[in-house]
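The shown structure was predicted, so the numbers you read here are calculated from the model rather than taken from an experiment. Numbered from 1 within each chain, the chains take letters A, B, ... in sequence-line order.
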Amino acid sequence: MNEIINILLYDAPELVLQHLIIVTIALTSAIFLAVPLGVLLTREKLKPYSNKIIAILNTAQGVPSLAVIAIFLKFLGIGYFPSIVALCLYGLLPIAQNTIAGISNIDPDILESAKGIGLSKNKVLIDVELPLAFPVIIAGIQTSAVLIVGTAAIAQLIGAGGLGKLIFTGISQFRPELTIIGAILSALMAIVFDRGLGSINKRIEKKYK
Amino acid sequence: MIKIEGVSKYYKGMDRPAVSKLDLEIKEGEICVFVGPSGCGKTTTMKMINRIIEPTNGIISIDGKNILEFDADELRLGIGYVIQKVGLFPHYTVFENIAVVPKLKGWKEDKVMSRVRELLDVVDLDPDENMYKYPNQLSGGQKQRVGVARAMAANPSVMLMDEPFGAVDPITRNQLQNEFLALQKKVKMTICFVTHDIDEAIKMGDKIAIMNNGKLVQYDTPENILFSPINEFVEEFVGSDRALKVLNLLRVSSIMEAYMPTIRYGSDSSQINEFYNNSNFAIVLNDDNKLQGYIDINRIVEKKNVEKWCDYIRTYDICLGIDSTLKDAMVAMLENDMKTIPVLDDEKKYIGVVNFDMIKSHVGREYETTIE
Ligand SMILES: Nc1ncnc2c1ncn2[C@@H]1O[C@H](COP(=O)(O)OP(=O)(O)OP(=O)(O)O)[C@@H](O)[C@H]1O
Ligand SMILES: [Mg+2]
């Protein structure tokens, strides 16, 4: 029991922080890549290809996280940076997918009237499409965040650090308590991300839904 | 003025044009109603005017300037646009929805605010009550009103309306139509109005453009459409109840008469005896010409109570405004079982009456003169 308290007091905080940093950087980069990608794929010129591109990304998402990590090991070596790249790519799809879904599901009458009263294409995107797709995009970010928090633990295999360290140390040293603490903390972090992002949507729903 | 010259539109994958060699001119300040069966090309025609759709051939110009010379967004900012589904922005309040175009045009904040209030008044929505509501908190009719207000926000001289009153119940529709006509009387926009309802076309249009299969079949005044249909298609489209439709076209202001004697409330009874030989009824008015009711002269004289004639005043359950159509008048007569209905002006002052015989003879006359 003492040992567990020791771990929680002395080892865990730093590892949680590390984990948090990795996840935040990876998630933020995923958002900044995936939202514009999703938007691009809903523009008139690229629309015909968006289904195909999403199908390809979908297949890529089917690759188990462990394999993704392994592949990145090959290209980028090990360490902090390759882990973040791998996690970021892994988190792209849900966000891109939801950006596309959110924008394509907007009532065409709203878009027609926006264009009809004289909003430019950019104005329509910024003032109408993105705000209306926002709740769906947030839902995508939620999915992605949970995915990244979980996968970040595995990324310890290529030297990511964070809670994965606790889990894998537990496995290699036959100290299941370490593994369990790491897993629980990682799960808690996923829940916090999920709830936190979800609360943004609740606020919007109260406003005009 | 909107001029459409030799305009055609071919959609990809369609073997016939959606709109075919259309020529037509909408005069400044007029409402032109496009009407025709579903798929005849009304919406396509309208959307070519604000370049939502680009024509395959032909030229469209507004006030003599080819619309292709404008930047497309700039052009649309100057043209009001209302569609059946309204398309209000759900994440904007009523105020923000109406303010979109004025803000884009760089109006100052206080000017935008006063304009929005003015417009909400114009479309008969209480500004304080509705300004900060979101569209999902409005009824269908209220949404339409906001849609019209949004389209008119920056005083466009041209307005495009695609079945703007199509999605509301008949009573609200009638109300919206009347309000809009009253409004148009003041602001005189050049309006392109699409509907598939011939009654609405007759009521709203200065001119009616009847289309079929992408072609313009007849472009004429409602009277001529009703009484001189150019071919069987138009005749059939107008329907066999032309005499009834004409009721929608004529306003009570054109037929009402002030033939009934009037008497001031409280005046002495000598007048009653004067009326006795000429008329059975008299209209009773206030000092400022507001309607009090009417009296049955015979009855008063019979009762030998002429001195106290004011006790015998009966009120009217219903009155008509001068913009009411003869159809409104007929409906009022039938519903209230009345032969004569008074007509009031915008300030609710009495100006005359309409009765059933007047309607009958007028419709008959209209028929004869225009059919020749
Ligand atoms: N984007 C499009 N692509 C291909 N065909 C179209 C398109 N829009 C309209 N059409 C076709 O063009 C024809 C005219 O359509 P339009 O929408 O102008 O008709 P409408 O008179 O407005 O009919 P409605 O009363 O049903 O609204 C129809 O046959 C329709 O199927
Ligand atoms: Mg249409």
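Annotation: cation-pi geometry not satisfied between B:K105 and B:W107 (NZ/CZ under 6.0 angstrom from ring centroid, within 45° of ring axis).
Looking only at heavy-atom pairs under 4.5 Å with chain A, the residue among B:K85, B:Q137, B:H91 that has the most is B:H91. Of the listed residues (B:I79, B:V82, B:I83, B:N50), the one with the most heavy-atom contacts under 4.5 Å to chain A is B:I83.
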Practice prompt. Please test B:Q84 against B:D162 for side chain to side chain donor-acceptor pair (under 3.5 Å), starting from the C-alpha separation and ending with a verdict.
Written response: CA-CA 6 Å; B:Q84 178 179 353; B:D162 193 351; over 6 Å; no
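Heavy atoms closer than 4.5 Å to chain A are found in the backbone of B:L88, but not in its side chain. In this structure, the portions of B:Y81 lying under 4.5 Å from any heavy atom of chain A include both its backbone and its side chain. For B:K133, no part sits under 4.5 Å from any heavy atom of chain A, backbone or side chain. Neither the backbone nor the side chain of A:I106 comes within contact range of chain B; no heavy atoms are under 4.5 Å apart.
Atom CD of B:E118 is surrounded by more than 12 heavy atoms from other residues, nucleotides or ligands within 6.0 Å.
Under 3.5 Å, the side chains of B:T56 and B:Y11 contain no donor-acceptor pair of N or O atoms.
The main-chain N or O of A:G164 is never found under 3.5 Å from a side-chain atom of A:Q156 such that the two would form a donor-acceptor pair.
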